[in-house]
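Sequential numbering from 1 along the given sequence is applied to the chain's residues.
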Amino acid sequence: MAGKPLWRKAFDAVESRAAGPVEAGAHSDVLGDLITLNVRIARRAQQEVERRTRRLLHMANLPTATDVRRLSEQVAALQRELRELEDRRP
């Protein structure tokens with residue numbers, strides 16, 4: 001084999017120069033803080049979207065996911081009670 005292709009030589013040259021600073025940045029406290037901040041902002045944004053969506057659905061008299069989950073839990077509880085009553089029947 002004649003050696004590495006030109007694209008690979010170019011990639012290796014860039015990678016060897018960038019590897020040190022990238023690894024140092026990846027292990028820095030600043031990156032950890034930025035990731036934590038990003039997660040918090042994303043969570044807060046998601047909560048706000050969910051809050052506004054619930055409000056709009058209730059204004060349109062439509063059930064939210066929470067409403068449906070509560071109803072499903074109630075139906076499951078009623079089914080358990082019904083099975084228990086059927087099991088007690090002679």
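- The stretch residues 72-90 participates, sequence neighbours left out, in no side-chain hydrogen bond (donor to acceptor under 3.5 Å, both in side chains) pair at all.
- Under the 4.5 angstrom side-chain criterion for Ile, Leu, Val, Met, Phe, Trp and Tyr, the cluster partners of Leu57 are Leu62.
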Just distance, no hydrogens or angles: give the donor-acceptor pairs under 3.5 Å from side chains in residues 11-30, sequence neighbours left out.
residue : atom : partner : partner atom : Å
Asp12   : OD1  : Arg8    : NE           : 3.0
Asp12   : OD2  : Lys4    : NZ           : 2.9
Asp12   : OD2  : Arg8    : NE           : 3.3
Ser16   : OG   : Asp12   : O            : 3.2
Ser16   : OG   : Ala13   : O            : 2.9
Ser28   : OG   : Gly25   : O            : 2.9
Ser28   : OG   : Leu31   : N            : 3.2

Could you list the donor-acceptor pairs under 3.5 angstrom formed between side-chain atoms of residues 45-56 and any protein atom two or more places apart in sequence or on another chain?
residue : atom : partner : partner atom : Å
Gln46   : NE2  : Glu50   : OE2          : 3.1
Glu48   : OE1  : Arg51   : NE           : 3.3
Glu48   : OE2  : Arg51   : NH2          : 2.6
Glu48   : OE2  : Arg52   : NE           : 2.7
Glu48   : OE2  : Arg52   : NH2          : 3.3
Thr53   : OG1  : Val49   : O            : 2.7

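- For Arg43, there are no salt bridge (Lys or Arg N to Asp or Glu O under 4.0 Å) partners at least two apart in sequence or on another chain.
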Name each donor-acceptor pair under 3.5 Å that joins a side chain in residues 34-41 to protein atoms two or more places apart or in another chain, with its distance.
residue : atom : partner : partner atom : Å
Thr36   : OG1  : Gly32   : O            : 2.9

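- Thr66 pairs by the side chain to side chain donor-acceptor pair (under 3.5 Å) definition with nothing, not counting sequence neighbours.
- The stretch residues 58-69 participates, sequence neighbours left out, in these salt bridge (charged side-chain N to carboxylate O under 4.0 Å, His left out) pairs: Asp67-Arg70.
- Taking Ile, Leu, Val, Met, Phe, Trp and Tyr as hydrophobic and joining them when side-chain heavy atoms fall under 4.5 Å apart, one finds Leu6 isolated, its cluster having no other members.
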